[in-house]
Amino acid sequence: MTVPVLTPGAVSFCAQRLTAYRHFWRSALISGVLEPALFLASMGLTLGILVDRGRGLPGGVSYLSFLAPGLLAAAAMQTATGESTYPVLGAIKWDKTYDAVLATPTAVGDLLAGQLLYVAFRVTTSAALFLAVLSLFGAARSPLVLLALPAALLTGLAFAAPVTAVSASIENDSGFAALNRFLIIPMFLFSGTFFPVSQLPAFFEWVAYLTPLWHGVSLARGLALGTLDAAAGLLHVGYLALWVVGGVLLARRAYRKRLLA
């Protein structure tokens, strides 16, 4: 089984997705940028004042500076997941977009690569805009914050690939509610976005360490604060890359089973 690569067919399919994106980019920006920015303003500038006046965070980091890179990674997760659920199942089952594209010389691997390329575009553009907002709020304490952009992209792909595999495997959209209720939302709340996971009970702390979002949040936060050491950075990148590679292989198998059966 080969890993999808960026062929002309993949680029063409991504271009088709971008053509459709022109019709809803405004609403996509609201969900991908405005909502995290409102979270940052409401919690970083209100709750954050109370946290900073109290015991504060380790290292004297302001709550705003702590929260902002976590929201960057979490927003990447949510954008990637959203673009890998209904759009994928719809293209297979309802719109039959994939069937139409496969009538051309485009291969199944091209569809998957083009889908992930489109998700990468969505995550990168949303993350870049939110990174600008983060900087305007004064939440960046290191020039390395610019590297939080590829960190957010890697985090997004670590979710996009396995979620795409799930979407290509299920028969209806009822599984998406369970995915969000039992995985995405709990990770958003308890994987270090809003508070250090060391405050959780020991068992749940270790569960958090196993989630890709914790690694994405820790990577983005360490870069934004300038506190990331090389060993930890390599660990986070390697763990997220494993999710990407494993998800791509599962998605490739699911696409072939569903579209070539």
**Message:** Using side chain to side chain contact (heavy atoms under 4.5 Å, CB included), reason through T106 and F13 one step at a time and then give a plain yes or no.
**Reply:** CA-CA 9 Å; T106 303; F13 181 69; 5.5 Å; no
Spell out, as yes or no, whether a donor-acceptor pair under 3.5 Å connects the side chain of [X] to the backbone of [Y].
X: D110; Y: A107; answer: yes
X: R258; Y: I170; answer: yes
X: R252; Y: A165; answer: no
X: S142; Y: V145; answer: no
X: D173; Y: F176; answer: no
X: Y239; Y: L210; answer: yes
X: T85; Y: G82; answer: yes
X: T104; Y: V101; answer: yes

Report yes if some heavy atom in the side chain of [X] is under 4.5 Å from a heavy atom in the side chain of [Y]; otherwise report no.
X: W214; Y: H236; value: yes
X: Y63; Y: L50; value: no
X: L112; Y: L116; value: yes
X: F39; Y: L67; value: no
X: F159; Y: I184; value: yes
X: R17; Y: P87; value: yes
X: L40; Y: F130; value: yes
X: V119; Y: S84; value: yes

Identify the heavy atoms of [X] and [Y] that sit nearest to each other, and give their distance.
X: M187; Y: P212; result: SD-CD, 4.2 Å
X: L89; Y: S167; result: CD1-O, 3.7 Å
X: L223; Y: A151; result: CD1-CB, 4.1 Å
X: N180; Y: P186; result: O-CD, 3.9 Å
X: T211; Y: S191; result: OG1-OG, 3.1 Å
X: F137; Y: A41; result: CZ-CB, 3.9 Å

Got a second to check how far [X]'s [atom1] is from [Y]'s [atom2], nearest 0.5 Å?
X: I185; Y: Q78; atom1: CD1; atom2: CD; result: 8.5 Å
X: F188; Y: T193; atom1: CZ; atom2: OG1; result: 6.0 Å
X: L240; Y: T155; atom1: CG; atom2: OG1; result: 5.0 Å

Does F203 have more than 12 heavy atoms from other residues, nucleotides or ligands lying within 6.0 Å of its CZ?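 Not buried by this count: 12 neighbours or fewer within 6.0 Å.
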message = Looking at Y209, I'd like to know if its OH atom is crowded, meaning that more than 12 non-hydrogen atoms belonging to other residues, nucleotides or ligands lie closer than 6.0 Å.
response =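 For Y209, atom OH is crowded (more than 12 foreign heavy atoms under 6.0 Å).
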| said: Regarding S126 and T79, do their side chains bring together a donor and an acceptor under 3.5 Å, going by distance alone? | reply: no
Can you label the angle between the Y98 ring and the Y255 ring as parallel, tilted or perpendicular, going by 30° and 60°?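 Plane angle between 30° and 60°, so tilted.
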ILVMFWY network linking [X] to [Y], side-chain heavy atoms under 4.5 angstrom:
X: L235; Y: L154; answer: no
X: M77; Y: L242; answer: no
X: V217; Y: L149; answer: yes
X: F190; Y: L71; answer: yes
X: L129; Y: L134; answer: no

Applying salt bridge (Lys or Arg N to Asp or Glu O under 4.0 Å) to R122 and not counting sequence neighbours gives E83
Run the side chain to side chain contact (heavy atoms under 4.5 Å, CB included) check on L157 and V123 step by step: do they pass?
CA-CA 9 Å; L157 291 176; V123 171; over 6 Å; no
V61 meets the side chain to side chain contact (heavy atoms under 4.5 Å, CB included) criterion, sequence neighbours left out, with S65, F66, R141, L225
Residue set satisfying side chain to side chain contact (heavy atoms under 4.5 Å, CB included) with L102, at least two apart, ordered chain then number -> V108, L111, L259
With side chain to side chain contact (heavy atoms under 4.5 Å, CB included) as the test, would you mind laying out the steps for L179 and V163 before giving the verdict? CA-CA 9 Å; L179 174 69; V163 171; 4.0 Å; yes
